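Owing to the predicted nature of the structure, the values given are computational and were not obtained by experimental measurement. This chain uses plain numbering: 1 for the first residue, then up along the sequence.
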Amino acid sequence: QVQLVESGGGLVQAGGSLRLSCAASGSIFSIDAMGWYRQAPENQRELVATVTSGGSTDYADSVKGRFTISRDNAKNTVFLQMNSLKPEDTTVYYCHARGRRKSWGGFADFASWGQGTQVTVSS
């Protein structure tokens, strides 16, 4: 399968910045999209930002103008630059990727989640 490894979470004061990274590895043939989601009430995960292999991006309204998602396609890595952080941004952030993986005799779809990384913003 495809594994996602996240890094960059931590504790920061309001107004500060963090840069999250997520690297995908495994039998990857292609990645269609990678993105970041965060834990919301009732154990739901809400979209923060996504980027497709073609470069199209999508952001939650709450982070527009503050967060920037980017990719290094050659390294199968996605980044989330988080600026002007607010206490309301405090939660667990999860990396997600979907695409096609190498399989026996061909290819198969995949969708993988990272383990999550904690972001805590103090006031």
Side-chain angles (χ1 to χ4, degrees):
Q1 256 286 0
V2 176
Q3 297 80 42
L4 305 181
V5 179
E6 300 151 322
S7 63
L11 175 64
V12 66
Q13 289 188 323
S17 298
L18 287 172
R19 183 175 172 86
L20 306 183
S21 300
C22 173
S25 63
S27 300
I28 299 170
F29 176 74
S30 64
I31 294 178
D32 296 327
M34 298 186 74
W36 294 93
Y37 296 73
R38 62 188 181 187
Q39 184 174 307
E42 286 75 51
N43 293 321
Q44 293 184 324
R45 293 180 184 180
E46 64 180 9
L47 181 146
V48 177
T50 60
V51 59
T52 69
S53 59
S56 298
T57 59
D58 190 28
Y59 295 92
D61 289 340
S62 60
V63 307
K64 287 181 179 177
R66 300 189 297 122
F67 294 5
T68 303
I69 190 169
S70 61
R71 288 183 64 180
D72 184 338
N73 290 334
K75 297 181 178 180
N76 294 136
T77 300
V78 65
F79 307 94
L80 186 67
Q81 180 65 46
M82 309 166 67
N83 297 327
S84 301
L85 283 162
K86 306 174 181 179
E88 306 92 90
D89 297 318
T90 296
T91 189
V92 180
Y93 286 71
Y94 298 90
C95 180
H96 183 265
R98 61 176 171 86
R100 302 182 76 193
R101 61 177 174 86
K102 302 171 186 176
S103 183
W104 180 257
F107 311 99
D109 295 335
F110 78 87
S112 297
W113 288 98
Q115 81 285 352
T117 184
Q118 177 70 47
V119 171
T120 303
V121 184
S122 62
S123 60

**OP:** Answer yes when Asp89 and Lys86 have at least one side-chain N-carboxylate O distance shorter than 4.0 Å, and no when they do not.
**Re:** no
Any donor-acceptor pair under 3.5 Å from Thr91 side chain to Gln39 backbone: yes
Side-chain heavy-atom pair Trp113, Cys95 within 4.5 angstrom cut-off
no
For the backbone of Ala33 and the side chain of Thr52, can you confirm whether one donor and one acceptor N or O come within less than 3.5 Å of each other? no
Discussion item. I'd like to know if the side chain of Arg100 and the backbone of Phe29 have a donor-acceptor N/O pair within less than 3.5 Å.
Written reply: no
Closest non-hydrogen contact found for Val48 with Val63 is O-CG2, 3.6 Å
Rounded to the nearest 0.5 angstrom, the CG-OG1 distance for Leu11 and Thr120 is 6.0 Å
Does Ala40 offer a backbone N or O that forms a donor-acceptor pair with the side chain of Glu42 under 3.5 Å? no
Looking at Ser112 and Val2, would you say the former's side chain and the latter's main chain have a donor-acceptor pair under 3.5 Å?
yes
**Item:** Working for side chain to side chain contact (heavy atoms under 4.5 Å, CB included), residues Val78 and Ile31
**Value:** CA-CA 11 Å; Val78 65; Ile31 294 178; over 6 Å; no
Rounding to 0.5 Å, atoms CG (Leu18) and CG (Leu85) come to a distance of 5.5 Å
Shared ILVMFWY cluster between Val12 and Leu80, side chains joined below 4.5 angstrom?
yes
Handout entry: Arg38 and Ser62: CA distance, side-chain angles, deciding distance, side chain to side chain contact (heavy atoms under 4.5 Å, CB included) verdict
Key = CA-CA 12 Å; Arg38 62 188 181 187; Ser62 60; 3.2 Å; yes
Can you get from Leu20 to Val121 by hopping between Ile, Leu, Val, Met, Phe, Trp and Tyr side chains that sit under 4.5 Å apart? yes
**Request:** Spell out, as yes or no, whether a donor-acceptor pair under 3.5 Å connects the side chain of Tyr59 to the backbone of Ile69.
**Result:** yes
- Item | In one Ile/Leu/Val/Met/Phe/Trp/Tyr side-chain cluster, 4.5 Å: Phe67, Tyr94 | no
Step by step, would you call Phe110 with Ser27 a side chain to side chain contact (heavy atoms under 4.5 Å, CB included)?
CA-CA 10 Å; Phe110 78 87; Ser27 300; over 6 Å; no
Does Val119 share a hydrophobic cluster with Met34, counting links as ILVMFWY side-chain heavy atoms below 4.5 Å and allowing steps through other members?
yes
- Any donor and acceptor pair, going by atom type alone, linking the side chain of Glu6 with main-chain N or O of Gln115 inside 3.5 Å? yes
Would you kindly say whether Asp32 and Ser53 are connected by a side-chain donor-acceptor distance under 3.5 Å? no
Q: Answer yes or no: does atom CD of Gln13 have more than 12 heavy-atom neighbours from other residues, nucleotides or ligands under 6.0 Å?
A: no
